[in-house]
Each structure stands twice: as C-alpha cells, then as structure tokens.
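Before any comments, here is the structure.
Side-chain atoms are counted along with the backbone in the values below, which use heavy atoms only and exclude waters and symmetry mates. The sequence lines fix the lettering, A, B, ..., with proteins before strands; numbering per chain opens at 1. Computed from a predicted structure; not experimentally measured.
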2 protein chains.
Amino acid sequence: MQKRDREATRARLLKAARQRFAREGYDATSVRDIARDSGVDATLIFRYFGSKKQLFDQATAADLPPDLLEGPREELVARMVRTVVDHDWTEYGGEHPLVAMLRSSAHEDARQRIRKEVCRTYVDALRDLAEGEDAELRAELLSAWMVGIGVLRSVVATPALSDARAADLAPHIATVATALLGRPMSGTVDQKGEPG
Amino acid sequence: MQKRDREATRARLLKAARQRFAREGYDATSVRDIARDSGVDATLIFRYFGSKKQLFDQATAADLPPDLLEGPREELVARMVRTVVDHDWTEYGGEHPLVAMLRSSAHEDARQRIRKEVCRTYVDALRDLAEGEDAELRAELLSAWMVGIGVLRSVVATPALSDARAADLAPHIATVATALLGRPMSGTVDQKGEPG
DNA sequence: CTCATAAGTCATCGAACGCTGACTTAGGGA
DNA sequence: TCCCTAAGTCAGCGTTCGATGACTTATGAG
C-alpha cells in the first residue's frame, strides 16, 4: 500500500493515460482502463482532471519539443530524423506522440493539435532552410517525409524501417534533404566529444 | 419511398459506412450513425453483414488497386503521387483510404490491413526500381513519403500541400525519386494524346 | 386475387460508457 | 491522543453501445 499523495496519484494517472491514448486512441480507451492500469480509482480522474477529454488534453500535451533548433542548420533534418527514429518514446507507449495522436484524429480538437505541432516542429523550421519560390511547399514535403517515416515505423511496421536506426538512414537523408532544400545538408548529427 | 431492394439497401449501407469510418474512425462511428446516414434501419446492418466489424471489413476492403504497374517504370512514383493527390476519394469521405484507415489503427486487424496494403501497393513496386544494397530501405523511405504526403494533406491539412495538385509536386518528386532510387525518374505522368 | 416469402420494423436486452454525490479512511498539526 | 481535512472509495445515475428475436409489410409468382 502506498502513501496518499495527490501529486503522485495524478502523475500515475497521466502516465497510464499517455500510454493508453497513444496505443489505442481516444475512443478505444475508457477511464476505467486508465484507472486499472495505474491502480487508481476511476473517479479520481474526474476529481483531478474534470473529464476524460481534459485528461486526454493534459496527457498528450507535448511537454517536450526537443531542442531541434539548437545546433548547425545543415544538421536540422538529421536531428528531426533522430527524434523520430532513435528517441525513446516508451512514455508514449513506444510510439511517436504525433503518430499516436493520429489514432485520435477523428476528433477535430486532436486534428488541430496535430496540425499545430507539425507546423511548429517541422514546417516552420524547415521553411527557413528552403530558399526559393515554393519554400513552403518544399518544407511541407520534407515534413511529410518525417511524418511518413514515423507512421511506417510504428503503425505499418514495415520491416526495414522498423529496425533501422537513424545512422542507417543518414546517407539517404542527406541526399533527399539536400535535393529538396537546394542546399547541402548533413545526414548525421555531429556529437561533441563522441567517438565516430 | 423507394422500392424494397436488398442489393440497393446493402450498397447504401456500405457507402455510408465507408464515409463514416473514413472520416471518424471505427470507434467513433456507431451502427446507428451509419443507419441514419443511409436512411436504413440499423438492424439490417446485422442482418446483411453480421456485425459492425464485418461491415467495417467489407466497407474498407480495397476494391481499387489503381493500375500503378501499368506504364513506364520511370513514371511509377509520379503515378503514385497522382493517386494520393489528384484522385477523387469522395467515396471514402474525401480522404485516401490508407489515411482513413489510420484513424482505426488502434485495432490490430486494421493495422495488418494497412501493412499489407502499403507493402503491396508501394514498397513491393518500388523495391524493384531501387537497385543496390539497401533497396528495401530506400523503397520504404519513398513509401513513407507517399503516406506522409497523404497524411499532411488530409489530416494535418497543411496549407501548401492541401491545395497542391500533382503537377505542382512534379519537379520535387522527380528530384527526390531520382535521388533515392539512384535512377532517373519522371515527375509527371505522360498522357497519351493529351495536349501538354 | 392469394399468399408464401423476403425485406424492413419494433421493442428491448445486457454491457459498457462518462460521470456524480455521498461516504470512508488515512495522516499530520494541535 | 484527538480530530479536521484531504485523499481515496463506493454505489449507482442516465445514456449509448452492439446485437437479438419477434413482428409487420410489401411484392412477385401462381
């Protein structure tokens, strides 16, 4: 028996909710499921979060926009791929939060969240790199690639991409990013003081 | 009042089911929704299809693998993009069937369907074109792009890609496909006897 | 027209859903 | 130790879900 601790209980609910919502989507997840997973009474969900919807919003709120903008510009795409491929997303049921949220994309709220996140994390950052007339379109095309890689990895589970690490993708990333952005792009992220 | 016609009623149910399941996913769609949309009594769903699940299977059964393999090999990717971007998917609620099925990807059955479809439609066809050591990986990377473009268009609804026609993407498709496959690829589909 | 049959309707089931208000219990300050 | 308060429990509400079986009605063959 654990001690009574409001914040710890809240955290356990949030963690279980994140995993359930990621793996099974909003509709297929019941508040009773989340309560059972976390070993917490279901009614506390409403006491602490108000409603299932508000729990979803808080559980899937992207608390972690990784430091994509830090580092050399020519490594931006490589850093994006690393967050999609190498990052540990076990907190989100092992799937990239964006891919996970696609499962709940029947609801307009979730769609807007996805839209905002994709634009903020990928398109906006890439548009600056893509110079020329249709910079927006090329930035979106490269963003589409990132999202597609995430989808094929964790939803479609296609053989080669599922097992691939970011390093395996590096040469291809460099080629495509360079071709699409019209400027030389690196496929790998330079690690300070790390042996090559 | 329309005449009693088993096949016509079945077809109306299938059509309504396709649109509902595509737009809102499996869980957010109730058999009563489908019945209301099609103006048919809900119990006929179980009489004609057995269960909601079997209706879903039949409604989303890909009856249309477009003739992707017909035509010049160097136009294969361009043909794929056309089916994603230019094809009229109003029968599926205006969204590409694969993207629509992603909404139901919480269920393992749907995931397997998606996996089979992606592999059959995209990866298998592209692997032949990608010569060299990691042909499989490059085929999957290009497939990921196709899927990602579909997702950004209809789920994320990013501005430039949503409005784009296949012709707008042509030069970029040619560039990326050529770079990834290591052989010259066309960005457009040559139309027989059609003025350029 | 008759009427057997197939097409469509109706009432309703049990289970699961999100959610609520009244209740019980643990735990630290006095 | 007492006891007030906050943390956690419990029974159950109203609704909706997928699904069933008995019923009614239209329709075409004879």
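Side-chain N/O atoms of B:Tyr48 include one lying less than 4.0 angstrom from OP1 or OP2 on C:dG8. Contact annotation: B:Thr43 does not reach the phosphate of D:dA19 (side-chain N/O to OP1 or OP2, under 4.0 Å). B:Ser51 has no side-chain polar atom (N or O) that falls below the 4.0 Å cut-off from OP1 or OP2 of D:dG18. The shortest distance between the side-chain N/O atoms of A:Ser30 and the OP1/OP2 oxygens of C:dA16 is not below 4.0 Å.
For B:Arg32, taking side-chain heavy atoms from C-beta onward, the closest of the listed nucleotides C:dT9, D:dG18, D:dT9 is D:dG18. Of the candidate nucleotides C:dG8, C:dA22, C:dG18, C:dG18 has the atom lying nearest to any side-chain atom of A:Phe46. Ranking C:dT20, D:dA19, C:dT25 by closeness to the A:Arg4 side chain, first place goes to C:dT25.
Both A:Asp27 and B:Leu44 lie close to DNA chain C; mapped to their nearest nucleotides by heavy-atom distance, the more 5′-ward contact belongs to B:Leu44.
Residues B:Leu68 and B:Val189 are members of separate hydrophobic clusters, defined by side-chain heavy-atom contacts under 4.5 angstrom among Ile, Leu, Val, Met, Phe, Trp and Tyr.
Straight-line distance from the CD atom of A:Glu24 to the C1' atom of C:dC17: 15 Å, rounded to whole Å. Distance A:Asp41 CG to C:dG18 C1': 14 Å, rounded to the nearest Å. If you take CZ of A:Arg47 and P of C:dA22, they are 11 Å apart, rounded to a whole angstrom. Atom pair B:Ile34:CD1 and D:dA19:C1' shows a separation of 14 Å (rounding to whole Å applied). A straight line from CZ of B:Arg6 to C1' of C:dT5 spans 13 Å, rounded to a whole angstrom. We find that NZ of B:Lys52 is positioned 17 Å from C1' of D:dT20, with the value rounded to whole Å. Rounded to whole angstrom, the span from the CG atom of B:Asp33 across to the C1' atom of D:dG18 amounts to 13 Å. One can place CD of B:Gln54 at 9 Å from P of D:dA19, the figure rounded to the nearest angstrom.
A salt bridge between A:Asp109 and A:Arg113 is absent, with no side-chain N of the basic residue lying under 4.0 Å from a carboxylate O of the acidic one.
Within a 6.0 Å sphere centred on CD of A:Glu108, heavy atoms belonging to other residues, nucleotides or ligands number more than 12.
For the salt bridge (charged side-chain N to carboxylate O under 4.0 Å, His left out) criterion with B:Glu95, the lone passing option out of B:Arg103, B:Arg23, B:Arg20, B:Arg18 is B:Arg103.
The aromatic rings of B:Phe56 and B:Phe21 sit perpendicular, their planes meeting at an angle over 60°, well past the 30° parallel limit.
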